[in-house]
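Structure record follows, encoded as structure tokens.
FYI, the numbering just counts along the sequence from 1. Note that the coordinates shown come from a computational prediction; the quantities given were computed from them, not determined experimentally.
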Amino acid sequence: MKMPKISVLVPVYDVEKYLRTCLDSIINQTFKDIEVILVDDGSTDGSGVICDDYAKRDKRIQVVHKPKNEGSLLARKTAALKARGAYTVFIDSDDLLSNPDSLQIMYDAISSERVDILQFSIEFLHPDGSKTVADDSTWFKVYTEKIIGEVNIIKTCIDDHYNWCLSNKIFKTSICKKACKWIKDIYLITAEDCYAYFITAFYANTFKGLKTVPLYTYRQGSGVTRFKNLQLDRFSMFCRENLIVGWVKEFLSAQKLTETYKQIYKEILENLSKRFLHHTLWRYDQLENKYIKTAQDYIFKYFHATDVFEILHETFSQLRISQDKQCHDILTIKQDIERYQQTEQGLRADIEAHQRTEQGLREDIAKHKQVEQGLRADIERHQQTEQGLRSDIAKHIKTELRLNQRITFYDDRLRQIKDFNIGRYLRTKVLSKVSVGKARERLKDQYQYQKHCYRLIKKGGE
């Protein structure tokens, strides 16, 4: 089956009033190479029937029906895991695409910019039917510079107050699927975009924002998290937003981050927690008086007392939570308890450090004992060697004495032999001289005889 270029993902829950308008804006796009995945999140009205009706009319639409409502986070996750397109667009079922060329413009932009995430312009549809374009003074302002590196993308969109909304962006499907492996299966309908976007952006390397004609229409006052008279159960959900910080910490702890990145993300998450607290306190002031005490318990269940005091004194000094002396005393006690708990944690950390040090020393002692045993063994071997050497020296001394005795003996013999040979030599010399004299006498006599004969011969010839 051919893969579509864009997957359009739509979570649906009890929006039969707006759903047809949303789906018409999608299927009537001039860009046709799409798939549409509708996740009916346990709707109790006619939304599920409408989804099936559109799926029969358009083969590009597939519907997933959930037996119960699990929240928009899991509805989007279900759709993203089924997506086959190269790029993914998220659309809330009470919103719509602004014009028939929206998807074409999105596709051309992300293809030409070659980025993992591309942000575009949107417009607001007010309850009275009027529209206004989201400009830089709104939450949906567009960051027009290209960003490289996941930490820079996250810091810009979350820490620097550019929005983390999913609906005004188009994503590479591959990074959405990677993010889905880490997104928890939890019910979440407030700040779910923040949670999903943080993890998705972690797998992105490039981001670009373009100020375009409005491509997406955000319907104000109609979403599942909108309220006129804030009730306690809704307020508790806003308090629970701070759990996202802990979930993101769990995700980051599983990644191989350098110490520098760990510190950057720590600061980002601290700032994010304070933003959640700021929003919560703003909503707290809209509660009825009968909910105040329980609401305060919610606040201190999900946020640190020190952060509550800091923001109260900086921004919300007029809130009832700071005007109630009894409440103030309770908060002070909570703050003290939290401070003592932090001190206790520090002491426990010190104890653990000392225990690790003690363990290290014990290991060093064990190693030194092993070395000592080795040295003792070496000393014993050297002592045995020394005894052997002493024995050898004693043997060599005895051998030397015997050799010296033999040398003395042979020296005496040599002297005797020498004396004998000298006497013999002298005797030989004397005898030799006598013999030579005799020989000379004989030769002389022979010469005289020959001379006499020669004379006789010569005389006879005459």
Quiz item: Just wondering, are more than 12 heavy atoms of other shown residues or ligands nearer than 6.0 Å to OH in Tyr187?
Solution: yes

Could you pull out all donor-acceptor pairs under 3.5 Å where a side-chain atom in residues 179-186 meets a protein atom, sequence neighbours excluded?
| residue | atom | partner | partner atom | Å |
| --- | --- | --- | --- | --- |
| Trp182 | NE1 | Tyr203 | OH | 2.8 |
| Lys184 | NZ | Glu250 | OE1 | 3.0 |
| Asp185 | OD1 | Lys77 | NZ | 2.6 |

Quiz item: Charged N to carboxylate O under 4.0 angstrom, Arg219 versus Asp94?
Solution: no

Quiz prompt | Which atom of Phe120 lies closest to which atom of Ser167, heavy atoms considered | solution = CZ-O, 3.6 Å

Quiz item: Are the side chain of Glu192 and the backbone of Thr190 linked by a donor-acceptor contact shorter than 3.5 Å?
Solution: yes

Exercise. Please say whether more than 12 non-hydrogen atoms of neighbouring residues, nucleotides or ligands are located less than 6.0 Å from NZ in Lys82.
Key: no

Quiz item: If you look at every heavy atom in Ser98 and Thr217, which pair is closest and at what distance?
Solution: OG-OG1, 2.9 Å

Quiz item: Do the side chains of Tyr143 and Phe207 get nearer than 4.5 Å, heavy atoms only?
Solution: yes

Exercise. Inspect the contact between Glu259 and Lys262 and indicate whether a charged nitrogen and a carboxylate oxygen are less than 4.0 angstrom apart.
Key: yes

Quiz item: Which heavy atom of Cys239 sits nearest a heavy atom of Ile299, and at what distance?
Solution: SG-N, 4.2 Å

Self-check item: Ring centroid separation Phe31 to Tyr107 under 6.0 Å
Solution: yes

Practice problem: Show your working on side chain to side chain contact (heavy atoms under 4.5 Å, CB included) between Phe171 and Ile110 and close with a plain yes or no. | Solution: CA-CA 8 Å; Phe171 301 83; Ile110 197 169; over 6 Å; no

Quiz item: Is the backbone of Lys290 close enough, under 3.5 Å, to the side chain of Lys293 for a donor and an acceptor to pair up by distance?
Solution: no

Quiz item: Backbone N or O of Ile27 within a donor-acceptor pair of the Arg60 side chain at under 3.5 Å?
Solution: yes

Quiz item: So, the side chain of Ser93 versus the backbone of Leu19: is there a donor-acceptor pair under 3.5 Å, distance only?
Solution: no

Quiz item: Between the main-chain N or O of Asn69 and the side-chain N or O of Asp41, is there a donor-acceptor pair closer than 3.5 Å?
Solution: no

Quiz item: Any luck finding a side-chain donor-acceptor pair between Asp116 and Asn205 under 3.5 Å?
Solution: no

Quiz item: Going from CE on Met106 to CD1 on Ile170, what distance comes out if it is rounded to the nearest 0.5 angstrom?
Solution: 6.5 Å

Quiz item: Within a strict 4.5 Å, meaning less than it, do heavy atoms of the Ile122 and Pro214 side chains meet?
Solution: no

Quiz item: How about Ile37 and Val10: do any of their side-chain heavy atoms sit closer than 4.5 Å?
Solution: no

Quiz item: Pick from Tyr195, Tyr265, Phe202: which one makes a ring pair (Phe, Tyr, Trp, His ring centres under 6.0 Å) with Phe251?
Solution: Phe202

Quiz item: Donor-acceptor pair, Lys56 side chain versus Asp52 backbone, under 3.5 Å?
Solution: no

Quiz item: Shortest non-hydrogen contact from Thr173 to Gly85?
Solution: OG1-O, 2.7 Å

Exercise. Rounded to the nearest 0.5 Å, what's the gap from OG1 on Thr21 to CG on Asp95? Could you check?
Key: 11.0 Å

Quiz item: Say you draw a straight line from OH of Tyr13 to OG of Ser72; how long is it, rounded to the nearest 0.5 Å?
Solution: 11.5 Å

Practice problem: Decide, yes or no, whether a salt bridge links Lys131 with Glu123 under the criterion of side-chain N to carboxylate O below 4.0 Å. | Solution: yes

Quiz item: So, do Leu74 and Pro11 sit near enough that their side-chain heavy atoms are less than 4.5 Å apart?
Solution: no

Quiz item: Is a side-chain donor or acceptor of Thr280 paired with a backbone partner of Phe276 at a separation under 3.5 angstrom?
Solution: yes

Quiz item: Is any NZ, NE, NH1 or NH2 atom of the basic residue among Arg348 and Glu352 found under 4.0 Å from an Asp or Glu carboxylate oxygen of the other?
Solution: no

Quiz item: Counting distance only, does the side-chain N/O of Asp53 pair as donor-acceptor with the main-chain N or O of Val49 below 3.5 Å?
Solution: no

Quiz item: When you check the gap from the basic side-chain N to the acidic O, do Asp24 and Arg20 get nearer than 4.0 Å?
Solution: no

Practice problem: Under the side chain to side chain contact (heavy atoms under 4.5 Å, CB included) rule, collect the residues that match up with Lys146, sequence neighbours excluded. | Solution: Val115, Thr206, Lys208

Quiz item: Have Asp108 and Gln104 got a donor and an acceptor in their side chains that come within less than 3.5 Å?
Solution: yes

Exercise. Using a 4.5 Å cut-off on heavy atoms from C-beta on, say whether the side chain of Glu16 contacts that of Ile50.
Key: yes

Self-check item: Check: Val39 and Val12 side chains under 4.5 Å, non-hydrogen atoms
Solution: no

Practice problem: Give the intermediate values and the outcome of salt bridge (Lys or Arg N to Asp or Glu O under 4.0 Å) for residues Glu358 and Arg362. | Solution: CA-CA 6 Å; Glu358 181 183 2; Arg362 290 184 183 277; 2.9 Å; yes

Quiz prompt | Single hit among Ile91, Val89, Asn99 for side-chain contact (heavy atoms from CB on, under 4.5 Å) with Tyr216 | solution = Ile91

Quiz prompt | Test: Asp193 and Arg76 ion pair at under 4.0 Å | solution = yes

Quiz prompt | Note, Lys2 side chain near Asp33 side chain (heavy atom, < 4.5 Å) | solution = yes

Quiz item: Counting N and O atoms only, with roles assigned by atom type, does the side chain of Thr156 sit under 3.5 Å from a partner on the main chain of Ile153, one being a donor and the other an acceptor?
Solution: no

Exercise. Mark yes when over 12 heavy atoms from residues, nucleotides or ligands other than Lys249 sit less than 6.0 Å from its NZ; otherwise mark no.
Key: no

Quiz item: When rounded to the nearest 0.5 angstrom, what is the spacing between CG in Leu272 and CD1 in Ile268?
Solution: 9.5 Å

Practice problem: For the residue pair Gln296 and Tyr284, confirm or rule out a side-chain donor-acceptor distance under 3.5 Å. | Solution: yes

Exercise. Return the minimal non-hydrogen interatomic distance between Ile34 and Val36, and the atom names on each side.
Key: CD1-CG2, 4.0 Å

Self-check item: Audit row: Lys66, Glu70, salt bridge (Lys or Arg N to Asp or Glu O under 4.0 Å) steps and yes/no
Solution: CA-CA 8 Å; Lys66 290 195 172 187; Glu70 296 179 338; 2.8 Å; yes

Quiz item: Taking the side chain from Ser236 and the backbone from Asp233, do they hold a donor-acceptor pair closer than 3.5 Å?
Solution: yes

Quiz item: Quick one: does Glu372's side chain get under 4.5 Å of His368's, heavy atoms only?
Solution: no

Self-check item: Shortest non-hydrogen contact between Glu35 and Gln62, atoms and distance
Solution: OE1-NE2, 3.7 Å

Exercise. Go through the steps for Asp40 and Ser43 under the test side chain to side chain donor-acceptor pair (under 3.5 Å), then give the verdict.
Key: CA-CA 6 Å; Asp40 173 24; Ser43 297; 2.7 Å; yes

Quiz prompt | Arg57 atom CZ: more than 12 heavy-atom contacts under 6.0 Å | solution = yes

Quiz prompt | Evaluation steps, side chain to side chain donor-acceptor pair (under 3.5 Å), between Tyr261 and Gln255 | solution = CA-CA 11 Å; Tyr261 272 33; Gln255 314 306 315; over 6 Å; no

